[in-house]
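Below is one structure, written out as structure tokens, with a few remarks after it.
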2 protein chains.
Amino acid sequence: MTALSGLAVDRSDVVWVAAAIADDDKAVAAEHGGQAFTAERDGGNFRVRFVENDPEAHHRFYAIIANPILWFIQHYLWDLSNAPDIGHHEKDAFVHGYVAVNEQFADAVAEEVERLGHDAVVMTHDYHFYLLPAMVRQRCPGVLLQHFIHIPWPQPDAWRVLPTEMRSMILEGALGNDLIAFHTERSARNFLLTCQELLDLEVSFRNMCVQIDGRRVAVRWYPISIDVADFERLAMSETVRANEEELKTRRRERLIVRVDRTDLSKNILRGFKAYDVLLHEHPELHGEVTFLAHLQPSRQDVPEYVEYVEQIKRLVADINLKHGTTEWQPIDLQLDDDFLQALAAYKQFDVLLVNSIYDGMNLVAKEGVLVNERNGVLVLSENTGVHDELGAFALDVNPFDVSDQAEKLYAALTMPPEEKRARRDQCVAVVRENDLTKWLDHQLEDIAKLDPNTPPDRG
Amino acid sequence: MTALSGLAVDRSDVVWVAAAIADDDKAVAAEHGGQAFTAERDGGNFRVRFVENDPEAHHRFYAIIANPILWFIQHYLWDLSNAPDIGHHEKDAFVHGYVAVNEQFADAVAEEVERLGHDAVVMTHDYHFYLLPAMVRQRCPGVLLQHFIHIPWPQPDAWRVLPTEMRSMILEGALGNDLIAFHTERSARNFLLTCQELLDLEVSFRNMCVQIDGRRVAVRWYPISIDVADFERLAMSETVRANEEELKTRRRERLIVRVDRTDLSKNILRGFKAYDVLLHEHPELHGEVTFLAHLQPSRQDVPEYVEYVEQIKRLVADINLKHGTTEWQPIDLQLDDDFLQALAAYKQFDVLLVNSIYDGMNLVAKEGVLVNERNGVLVLSENTGVHDELGAFALDVNPFDVSDQAEKLYAALTMPPEEKRARRDQCVAVVRENDLTKWLDHQLEDIAKLDPNTPPDRG
């Protein structure tokens, strides 16, 4: 939302189409008879159109198809000898959930397109709406469609867990776009491979495009960022300062931090196992170091996620019991959703651990290095999108290699101050340079190139 | 072994190099002072050279690296949010197990090459020996090296669970070959993708080759088969006939059969779940059908495999309890290693289920259709190598789609006799046409083309 707000503030010709999920969203939607209305946010005006889904359809769309099945496929999380079992339950959820919700949104988008004139640009976001672009193209052939996919696109075999019709519908739905955008070149290339292998379409890796039905779909990558000025302001707020003071009373000399949703892709267990190895191999660190983990419980309507939180709690208890004393708990586990606490941790870390199995971008890395005040070192998984930008200045880790992560944590904790400063300065320079405006401007430039009707100053 | 025996019988210029694992192998090896000797097999003479490994090195090579790690990678079996954890244990096993055993074999092969003259052809088999070709090339630059990989080659991301050095050693080891062979085009293409993506090598999908160190490595596919005449003879044996008579007393009107090692890649659980759905949706089949599963316990030195057998037993007990009666057990589970029993089942099935998650070839499908005497129908996973040859005449299934498998089992059980016969005849024609001689001849032709020193009548 933040990333795109620059595009929509005070523009009566831009309409946000969003799901009404919370009760107050639904109340506001009802108040406006399901039509678009003007709302205020961050001191500007937005046009918003809420779409209200049947709760059962929404549950199937969100908690059966999008979040477990698609998310797991795209992050390589399925334990294939055990799961998923695709059966009537999942097929019904696809038809009456995923397809139904995409159709409802397509109808709403088409209505807004008509209202704005038929040459509108439709920008769709993420894996919830793969079917929508083709549906909108059918309803409004004149529009220009762009889709940003914020999670990794895996290699073709990962999609083979879905029945042929389902995976074809998803791909053909997304190929309704004129431009498909990812955070990384790797995802963009994997998307082309998938079209080539699973739909037997003609693709060009040189021009990064797919041919379908006589049209050409461009595939690009634009690494997303954060609003640097906004984020720095937030980091200086009173609450964050107070949280820092409180943190200083709890931490030891050296502080390892991680901040994540409790998502299986975040690789939280192996991070703690690496810390366990570190403490085992370096008894001199006992009592000297704290690993502060701010973990926000996530998707607790999906059984795998409930189990994951339990696994995390058990592992933390084991490690604290094994290495801790009455004076010192090696891991400080904060299972909460208090971002201003996490921000205090960002400012105070000596090491920030981002060891995701796979991650579309990972903004924690960018946020953390930006506001940190101790020349802290980033330990970064080679399978994150942000690795393309910050990998050269971070300590790289293979997310499956626990001993590698233990070694890099040790190297980060014992790095000479001048090297720490140099690495951190380079990271910050990249984050400032590749800011959010650049992310959005590059997309709008490419959209303008695709659309002969778009005036050159658009956006 | 059977597949290659034609090449080695009564040829003093061919030497088999093999591990001495059983005690009698070791005794024979010792008897010949670790040198090659002539052995008898199937009425012919073979030259054999046994390599005896240190048991600890062999365990690390086989039960830590090859069978769990490489097998799981190549069949997409890792449950990545939980396993594997690569640590000192695995890295030590790689260096002191996998590398060490490959080196020991490379030394033995190099000695035999010297004895035979330096222009020998070295043919290596499978995922246990990825490092050997580069080692042999270094020791004997004049040889021509071919490697047959019998399991699927996955897409590049699957290899990312290994540390960069380990995955690079594996790839560069295999690229020591002149020719790398798979059962399917899919695996061959994935191998090229892997070289391109993980080693940044120049590859050609048109010519199916990789450029490395100024050399060109050819990548090809040759679907393996069975010895048709031998197999048919075996199927007519007295023991098989007696087993058939016994089976007839146990089976019901319609017989579903599967024959597999208890390997996670075989998808045994989803096969039974599909049968559970079938029985739930078709109560008219109760008492009419038996699902006979001949499962050979496999790799019980790997914990995941022990657990898998337990899962299978529990699921079978659940389904038999749920649908069975005192008169009728829906699933007849045979956990044994009696191939002549399995052969009787091949001859008697109405439906043969081969639903592997991924499978390099799967010879059960070829063996089963060849000797079956009831015009039985093959229900076949789209992710098996054999699907390229028999897919058009089988009923296709997506291995993750349990309801699809239930539907195809039903369709197979209720198919009109003339369609069953037509499909079965077409399957048998393919198996007879693509026989083992063809598999080997095609390889030898390609090897001859690569080697200017090879006389045209070689092989």
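Letters go in sequence order (proteins before strands), and every chain restarts at 1. Note that the coordinates shown come from a computational prediction; the quantities given were computed from them, not determined experimentally.
- Relative ring orientation between Phe291(A) and Tyr275(A) is described as perpendicular, the plane-to-plane angle rising above 60° on a 0-90° scale split at 30° and 60°.
- Taking the charged nitrogens against the carboxylate oxygens, Asp401(A) and Lys91(B) do have a contact shorter than 4.0 Å, which makes a salt bridge.
- With chain B as partner, the option from Leu80(A), Leu77(A), Val402(A) having the largest number of non-hydrogen pairs under 4.5 angstrom is Leu80(A).
- Among the candidates Leu171(A), Thr164(A), Thr194(A), the single residue satisfying the side chain to side chain contact (heavy atoms under 4.5 Å, CB included) test with Trp159(A) is Thr194(A).
- For the 3.5 Å distance criterion, the side chains of Asn267(A) and Tyr358(A) fail to qualify, holding no donor opposite an acceptor.
- Of the two parts of Asn82(B), the backbone and the side chain both hold a non-hydrogen atom closer than 4.5 Å to a non-hydrogen atom of chain A.
- Only the side chain of Ile357(B) comes within contact range of chain A, with heavy atoms under 4.5 Å apart.
- Heavy-atom distances place no part of Glu90(B) under 4.5 Å from chain A, backbone and side chain included.
- With respect to the salt-bridge test (charged N to carboxylate O, under 4.0 angstrom), the residues Glu382(B) and Lys408(B) do not qualify.
- In this pair, Trp153(A) and Phe191(A) present their aromatic rings perpendicular. The plane angle is above 60°, beyond the 30 to 60° band.
- Contact of Lys266(B) with chain A is not made at all, since no heavy-atom distance falls under 4.5 Å.
- For Asn398(B), the part lying under 4.5 angstrom from a heavy atom of chain A is the side chain only.
- Put simply, OH on Tyr98(A) and CE on Met169(A) are 9.5 Å apart, with the number rounded to the nearest 0.5 Å.
- Looking only at heavy-atom pairs under 4.5 Å with chain B, the residue among Gln311(A), His88(A), Arg160(A) that has the most is Arg160(A).
- Only the side chain of Leu193(B) comes within less than 4.5 Å of a heavy atom in chain A; its backbone stays farther off.
- Contact count versus chain A (heavy atoms, under 4.5 Å) is highest, among Pro154(B), Pro399(B), Pro156(B), for Pro156(B).
- Ranked by heavy-atom pairs under 4.5 Å with chain A, the list Gln405(B), Arg186(B), Glu304(B) is led by Arg186(B).
- Using a 4.5 Å cut-off between heavy atoms, Arg270(B) touches chain A through its side chain atoms alone.
- When heavy atoms are compared at a cutoff of 4.5 Å, Leu269(B) approaches chain A solely by way of its side chain, counted from C-beta outward.
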#### Entry: Asp396(A)/His387(A) under side-chain hydrogen bond (donor to acceptor under 3.5 Å, both in side chains): CA gap, chis, key distance, verdict
CA-CA 8 Å; Asp396(A) 270 1; His387(A) 187 267; 2.6 Å; yes

